[in-house]
Amino acid sequence: MQLLLIHSDYIEYEVKKSTPVAEEIEESFRTGRLEEALTAFMAVEKADESDVDDIINKAVGEIRNVAGQVKAANVMLYPYAHLSSDLSSPKVAVAVLKGVEKALSGDYNVKRAPFGWYKAFRISCKGHPLSELSRSIVPQGKPAVCAEPVVCIPEEKEEVVSEALKAESTAKSYWHILTPDGQLHSTEDFDFTGHENLKKFVNYEISKQRAVERAPPHVELMRRLEIADYEPGSDSGNMRFYPKGRLIKSLLENFVLEESYKVGAMEVETPLMYDMEHPTLKKYLDRFPARQYSIESDKRHMFLRFAACFGQFLMNHDMTISYKSLPLKMIEMTRYSFRKEQRGELVGLRRLRAFTMPDMHSLCTDMQQAVEQFDAQYNMCISVLDKVGIKVDDFEVAVRFTRDFYNDNKDFITNLAKTVKKPVLVEMWDTRFFYFVLKFEFNFVDALAKASALSTVQIDVENAERYGINYIDTDGVAKKPVILHCSPSGAIERCIYGLLEKEAMRTENGGVPMLPVWLSPTQVRVIPISDKHMEFAQQIADQLQCRVDIDDREDTVGKKVREAAREWIPYVVVIGDKEAETGNINVTIRAESQPEKPKKVEMTAEQLNARILSETEGMPYKGLPLAKMLSVRPKFL
RNA sequence: GCCUCUGUGGCUUAGCGGUAUAGCGGCUGAUUCGUAAUCAGCAGGUCGGGGGUUCAAAUCCCCCCGGAGGCUCCA
């Protein structure tokens, strides 16, 4: 049985004309209307004839379940043949419909639309996520058949569901834990001892245990550190970034770009908005409905990109590409990518509606080259996150693929677990539901056991065809490449979220939080004890080739030191008479300090300079984006 | 989208039917200071917006608009 459940403000129908299979009906049955109803469009299928009672039970169970969730007291049962191409006999269908009606009628106000009649109907869909659900139900012993995924795009205003209404099926997932020795374990039986984070991740992915009792700690940190904040003048999930946040983002963006140049990627720039009616894009969009911002421009209907795929694939389509150029890599630092995520999912920097995503695509000659590239990019992603400050121990790996791909590439997939030297979560599908046959993600598990994806690579076997992307092979024939999608770090904002959450966990465990030195907005804070030490403080600051500032405000040393600590500044230098005499400086090193036990070391300015240069070697650098003198700095919060 | 909670000066916040609290920050003055908050003074609010109940509303009720959490979703 195919079941489509719509939580509606109202549903009404009127019988127009009978079909040859029409059931006989009374006059009162010719029209019907229910307010605040769960409407169940039902198509009884051939396979259901083998066990009518079981089908009725299962359908009743699904309807009860959803009706309970949406708190609907009224249920409209609506026979809808168009949901299936393999219908049962009318006799069985009527029997099933009546059976369902009878089973529900005790607990709900149930109405049933007549079977076998052409009916005019109007329905107003409430539009919340639970308001549109489809279910495929099969009798015992029969395998589920995946219907072709077709999509119904909800209208903004009152919606009239038409003939085009069809179901969007969901793929069945098989979950496993893959250990580095190549064994697939059941997620229920696997011993998670020593892999507590993986356990949290698995719970998050499979059990959907996501209740949380407090706001994630990075939200307060992002504000206190003057990195980012909510912008009430914009849409939710569109953040403002203060100078320190912009600096951190800029450094991260530059770093990811540099790393991708190293593997041969060409940086490009593509438009933010696209024509909704463009035939190729329309087809692509139809697979992922209702998640993009749309805007009206004159009479054209545009949408904002949710990745760089559109622009890069359209560019690839127009290019002349020889096999000699493959693998061909292009990257764009998308500022921004837009996704109209559901309101309740937006928290701090974890999930945004406008975010900066490095998006790299690699065109490969064939699956073999794609797999080689996948492996190389898997390792690249590990290295990128490591240098950002997110280590292998800080994330959990998920690998997702089709059963066919796994059977052809068992050793290769096992190797992914070997590389990270720990068990990984595996999700397998019988049929390919998405555009990829293989993907991995690195999932950061935060202080509240919520998981979110950072780096990812996917092997796309669908879009070369859809976008008409070709390369000319050695034999002079145009062929379709296999395309890899890769985000080496994941969204830049999400990296910042990860770093802040990681440091929040460090604080909870009795550590001293800080950002990597190369990302710290102020790397050295110089604190003169009084006005007369200002000149020497200036001299010290001038000798340091990094982001130095001077706290020249009229406050006590104690207060200035406290504020430097609250800003997580890696090196704090107090300048007084002693330093002016010896020429040496007293440096508090945050990385080596413990709570209430600062580590203070006497050294020369040259030594401090050398230390910082070696710590930040090979990483991007930008100057201080704020006034050097704290006394003239504005406060953002 | 739905459910729950929430909205008091730039920030954090007390008050929850009877003239609006305090701290931080800001400004002014004093202090020139050796490692987690120097002292004093001043300015700053039609308590998110609109409507209603009441002699009286920040406080109770209704509608709207922000914000947070949950559900759901997550290429």
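Chain letters run A, B, ... following the sequence lines, proteins first and then strands; every chain starts at 1. These numbers were taken from a predicted model, which means no experiment stands behind them.
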Considering only atom [atom1], compute the distance from [N] to [M] and round it to an integer number of Å.
| N | M | atom1 | value |
| --- | --- | --- | --- |
| B:C55 | B:G15 | P | 28 Å |
| B:G34 | B:C27 | P | 24 Å |
| B:U8 | B:U54 | P | 29 Å |
| B:G45 | B:G10 | P | 8 Å |
| B:G9 | B:A43 | C1' | 11 Å |
| B:G50 | B:A30 | P | 45 Å |
| B:G29 | B:G66 | P | 44 Å |
| B:U12 | B:A68 | P | 13 Å |

5′-ward residue of the pair A:His533/A:Arg223 relative to RNA chain B: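 Nearest nucleotide further toward 5': that of A:Arg223.
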Most 5' of A:Glu596 and A:Ala451 on RNA chain B, judged by nearest nucleotide: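 Between the two, 5'-proximity favours A:Glu596.
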Under a 3.5 Å limit for both distances, which nucleotide forms a Watson-Crick or G-U wobble pair with [N], could you say?
| N | answer |
| --- | --- |
| B:U28 | B:A40 |
| B:U35 | none |
| B:U53 | none |
| B:G9 | none |
| B:G1 | B:C71 |
| B:A20 | none |

Given atom [atom1] of [X] and atom [atom2] of [N], what is their separation to the nearest angstrom?
| X | N | atom1 | atom2 | value |
| --- | --- | --- | --- | --- |
| A:Gln594 | B:A36 | CD | C1' | 16 Å |
| A:Lys635 | B:C27 | NZ | P | 9 Å |
| A:Arg466 | B:A75 | CZ | C1' | 12 Å |
| A:His218 | B:G69 | NE2 | C1' | 14 Å |
| A:Arg590 | B:A36 | CZ | C1' | 11 Å |
| A:Arg525 | B:A36 | CZ | P | 15 Å |
| A:Glu567 | B:G25 | CD | C1' | 14 Å |
| A:Leu349 | B:A68 | CG | P | 12 Å |

Nucleotide of [options] approaching [X] most closely (side-chain heavy atoms):
| X | options | value |
| --- | --- | --- |
| A:Lys450 | B:G26, B:G70, B:C33 | B:G70 |
| A:Glu579 | B:G26, B:A75, B:G34 | B:G34 |
| A:Ile529 | B:A75, B:G26, B:C33 | B:C33 |
| A:Val574 | B:U35, B:A75, B:G26 | B:U35 |

Sugar-phosphate only, base, or nothing, as touched by A:Glu220 at under 4.0 Å among non-hydrogen atoms: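 It contacts nothing in the nucleic acid.
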Whether A:Ser487 side chain and A:Ser455 backbone form a donor-acceptor pair below 3.5 Å: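 Between the backbone of A:Ser455 and the side chain of A:Ser487 there is no qualifying donor-acceptor contact (under 3.5 Å).
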A:Tyr230 side chain near B:G66 phosphate (N/O to OP1/OP2, under 4.0 Å):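 Checking B:G66 against A:Tyr230, no side-chain N or O comes under 4.0 Å of OP1 or OP2.
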Geometric cation-pi criterion A:Arg403 and A:Tyr174, 6.0 Å radius, 45° cone: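 Relative to the ring axis of A:Tyr174, which defines the angle, A:Arg403 lies inside both limits.
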Which word best sums up how the rings of [X] and [Y] line up, parallel for under 30°, tilted for 30 to 60°, or perpendicular for over 60°?
| X | Y | value |
| --- | --- | --- |
| A:Tyr274 | A:Phe310 | tilted |
| A:Phe338 | A:Tyr336 | perpendicular |
| A:Phe395 | A:Phe442 | parallel |

Flag side-chain contact, heavy atom, 4.5 Å: A:Ser337 against A:Asp359: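 Heavy-atom side-chain distance check fails, nothing below 4.5 Å.
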Side-chain heavy atoms of A:Glu205 within contact of A:Trp175, under 4.5 Å: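 When only atoms from C-beta onward are counted, A:Trp175 and A:Glu205 do touch, with a gap below 4.5 Å.
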Strictly under 3.5 Å: I want the nitrogen or oxygen pairs between protein and nucleotides 47-49 of chain B, one per line.
none

Partner of A:Tyr108 under side chain to side chain contact (heavy atoms under 4.5 Å, CB included), chosen from A:Val75, A:Asn74, A:Ile63: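 By the side chain to side chain contact (heavy atoms under 4.5 Å, CB included) criterion, A:Tyr108 pairs with just one of A:Val75, A:Asn74, A:Ile63: A:Val75.
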Salt bridge present between A:Lys244 and A:Glu567 (N-O < 4.0 angstrom):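 Here A:Lys244 pairs with A:Glu567 in a salt bridge, since their nearest N and O are under 4.0 Å apart.
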Basic-acidic side-chain contact under 4.0 Å: A:Arg566, A:Glu563: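 A:Glu563 and A:Arg566: not salt-bridged.
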Sub-4.0 Å heavy-atom contacts from residues 554-565 of chain A onto RNA chain B, ordered by number: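 Result for residues 554-565 of chain A: A:Glu554, A:Thr556, A:Val557, A:Gly558, A:Lys559, A:Val561, A:Arg562, sorted by number.
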A:Tyr497/A:His218 aromatic ring centres below 6.0 Å: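 They qualify: ring centres under 6.0 Å apart.
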Ring center gap for A:Phe436 and A:His485 short of 6.0 angstrom: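 For A:Phe436 and A:His485, the ring centres are not under 6.0 Å apart.
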